Amino acid sequence: MDLKELISGIAPLDEGAMEAAKRRWDSVAHPLGSLGLLERDIIRIAGITGSPEVDLGKKAVVVMCADNGVVAEGVTQTGQEVTAIVTENMSSGDTSVCRMARVAGAEVIPVDIGVARPVTGERILQRCVRRGTANMTRGPAMGREEAERAVLTGAELVGELKARGYRLLATGEMGIGNTTTSSAVVSVLLGRSPAEVTGRGAGLSTEGYHKKIRAIETAVEVNCPDPADALDVLYKVGGLDLAGLAGVFLGGAYHRVPVLIDGFISSAAALIAASLCPAAKGYMLASHASNEPAGRMVLEALGAAPFLYAEMCLGEGTGAVAVMPLLEMGAAVYREMCTFEATNIEAYQPLT
């Protein structure tokens, strides 16, 4: 399958399933709409899967891991070697998202899509497109064909996970320097200046922060990415982790699997996917609003309302995993709560 076939295979949400899910909610013995976003997203999940029988039983967070050549510009507090170390720690369960995922009942699936050195670990999926990207301040971060291959890798993985019984996916990433690439992508696609969309990432000094903005400005000037062509933007100033995650969002839409947006980096990937295929937006569920400056800005552009405003900016998929138990709670009420009819309570009626 190529990218055009992937995009052309994405259908609208199933309106009939959503209407049936809405009727079920309205029959449940509770004030109409009183579970707010939980009701909204359970209805959305019915539309995504094509069935009002909502099952979130098997869950995973897909963590795309890749290195970014722009770290050579001094835009990060830590060195590039940290990407490989944390990727391998994910395989052994020794990262924040691993601890949180255990509580949420989700599996962590680290994917080497572009780490600078080979990584080892039983749980790491080896899907490397290239060993890290080039320095985007000197030219394109990667080739256009490489970017497309990384997108398709993410989409194909969703199909594999669905076949293995996974019903809800969260998106995560690991890649030193990826707030820089994400800010560059968002700057171009939203038509905002780099200064408006760039934060301090994982704790930059003021000097490092200004280096980061200058690096993005230089990359955009050198590469002239076309905001009307999201793949052009992705290969010139993006990263392999972003490309893989964009593919997960498109794959979720193609295979009809709900996918949770995590924080800023994940939302930048969602923005790429939505730019490539606007219909894919309906298949994305917002989890939290990142504390990065453009966190809420990107979600607004996607028309996505998050559950949490917790000032999180860790990444790895931690924010998306944090809302999984909330969705499970909503699904439990939806499936198991008695109805007005069964309790002999007069049903609430919508008021005008």
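Since the structure is predicted, the reported quantities are computational estimates derived from the model, not experimental observations.
Across Val70, Thr218, Val71, Asn68, a single residue satisfies side-chain contact (heavy atoms from CB on, under 4.5 Å) together with Asn135, and that is Val70.
The shortest distance between side-chain heavy atoms of Leu231 and Leu3 falls below 4.5 Å. Considering only heavy atoms from C-beta on, Glu316 stays 4.5 Å or farther from Glu173 through its side chain. Looking at heavy atoms from C-beta onward, Leu308 lies in side-chain contact with Val323 at the 4.5 angstrom threshold. The closest side-chain heavy-atom distance from Leu157 to Glu160 is below 4.5 Å.
Distance alone, capped at 3.5 Å, is enough to place a donor-acceptor pair between the Ser187 side chain and the Arg192 backbone. Counting only distance, with no hydrogens or angles, the side chain of Arg167 and the backbone of Val257 share no donor-acceptor pair below 3.5 Å. Asn178 contributes a side-chain N or O that, together with a main-chain N or O of Gly175, makes up a donor-acceptor pair within less than 3.5 Å. Between the side chain of Lys162 and the main chain of His255, a donor-acceptor pair closer than 3.5 Å is present. In this structure, the side chain of Arg144 does not engage the main chain of Tyr235 through any donor-acceptor pair within 3.5 Å. In this structure, Arg127 contributes its side chain and Gly244 its backbone to no donor-acceptor pair below 3.5 Å. Judged purely by atom type and a 3.5 angstrom limit, Thr198 has no side-chain atom pairing as donor or acceptor with the backbone of Ala195. Counting only distance, with no hydrogens or angles, the side chain of Glu196 and the backbone of Ser193 share a donor-acceptor pair below 3.5 Å. For the pair Ser287 (side chain) and Leu260 (backbone), a donor-acceptor distance under 3.5 Å is absent. Side-chain N or O atoms of Ser34 include none that pairs as donor or acceptor with a backbone N or O of His30 at under 3.5 Å.
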Check step by step if side-chain contact (heavy atoms from CB on, under 4.5 Å) holds for Met174 and Met90. CA-CA 10 Å; Met174 180 58 221; Met90 284 182 183; 4.1 Å; yes
Stepwise side-chain contact (heavy atoms from CB on, under 4.5 Å) check, Leu6 with Leu152: CA-CA 8 Å; Leu6 173 64; Leu152 292 173; 4.1 Å; yes
Chi angles and distances behind the side-chain contact (heavy atoms from CB on, under 4.5 Å) call for Leu35, Val333: CA-CA 10 Å; Leu35 284 178; Val333 175; 3.9 Å; yes
Go through the steps to decide whether Arg99 and Val103 satisfy the test side-chain contact (heavy atoms from CB on, under 4.5 Å), and finish with yes or no. CA-CA 7 Å; Arg99 305 293 180 182; Val103 176; over 6 Å; no
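There is no path of hydrophobic side-chain contacts, each under 4.5 Å, that joins Val86 to Leu242. Note on Val220: it clusters hydrophobically with Met142, by side-chain heavy-atom contacts below 4.5 Å among ILVMFWY residues. Follow the hydrophobic side-chain contacts under 4.5 Å out from Val248 and you reach Ile48 in the same cluster. Note on Ile45: it clusters hydrophobically with Met337, by side-chain heavy-atom contacts below 4.5 Å among ILVMFWY residues. Ile213 and Val222 fall into different hydrophobic clusters, where Ile, Leu, Val, Met, Phe, Trp and Tyr are joined by side-chain heavy atoms under 4.5 Å apart, directly or via other members.
Contact detail for Asn223 and Gly139: the closest heavy-atom pair is OD1-C, 3.0 Å. Between Pro110 and Ser91, the shortest heavy-atom contact is CG-N, 4.3 Å. Minimum heavy-atom separation, Ala253 to Ile10: CB-CG2, 3.6 Å. In plain terms, the two heavy atoms of Ile109 and Ala60 that are nearest each other are CD1-CB, 3.8 Å. The heavy-atom pair separating Leu38 from Trp25 by the smallest distance is O-CZ2, 4.3 Å.
We find the OG1-CG distance between Thr83 and Asp112 to be 10.5 Å, quoted to the nearest 0.5 Å.
With respect to the salt-bridge test (charged N to carboxylate O, under 4.0 angstrom), the residues Asp229 and Lys236 do not qualify. Looking at Glu73 and Arg138, a side-chain N of the basic residue comes within less than 4.0 Å of a carboxylate O on the acidic one, giving a salt bridge. Ion pair Arg131/Glu146 not flagged as a salt bridge, since none of the NZ, NE, NH1 or NH2 atoms sits closer than 4.0 Å to an Asp/Glu carboxylate oxygen. At a threshold of 4.0 Å, the pair Glu328-Lys59 counts as salt-bridged, since one of the basic side-chain nitrogens sits closer than that to a carboxylate oxygen.
Using modelled atom types, one finds no donor on one side chain facing an acceptor on the other under 3.5 Å when comparing Lys212 with Thr76. For His288 and Glu311, the side-chain atoms include no donor-acceptor pair closer than 3.5 Å.
Around CD of Glu221, the count of heavy atoms belonging to other residues, nucleotides or ligands within 6.0 Å does not exceed 12. Lys58 NZ: more than 12 foreign heavy atoms inside a 6.0 Å radius.
Counting side-chain heavy-atom gaps under 4.5 Å among Ile, Leu, Val, Met, Phe, Trp and Tyr, Tyr309 is found in no cluster with other residues.
For Arg117, the salt bridge (charged side-chain N to carboxylate O under 4.0 Å, His left out) partners are Glu88, not counting sequence neighbours.
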Please set out all donor-acceptor pairs under 3.5 angstrom arising from side-chain atoms of residues 263-286, sequence neighbours excluded.
from   : atom 1 : to     : atom 2 : distance (Å)
Ser266 : OG     : Thr171 : OG1    : 2.6
Ser266 : OG     : Asp262 : N      : 2.9
Ser267 : OG     : Gly263 : O      : 3.2
Ser267 : OG     : Phe264 : O      : 2.8
Ser275 : OG     : Leu271 : O      : 2.8
Tyr283 : OH     : Ala11  : O      : 2.6
Tyr283 : OH     : Pro12  : O      : 3.3
Tyr283 : OH     : Arg256 : NH1    : 3.2

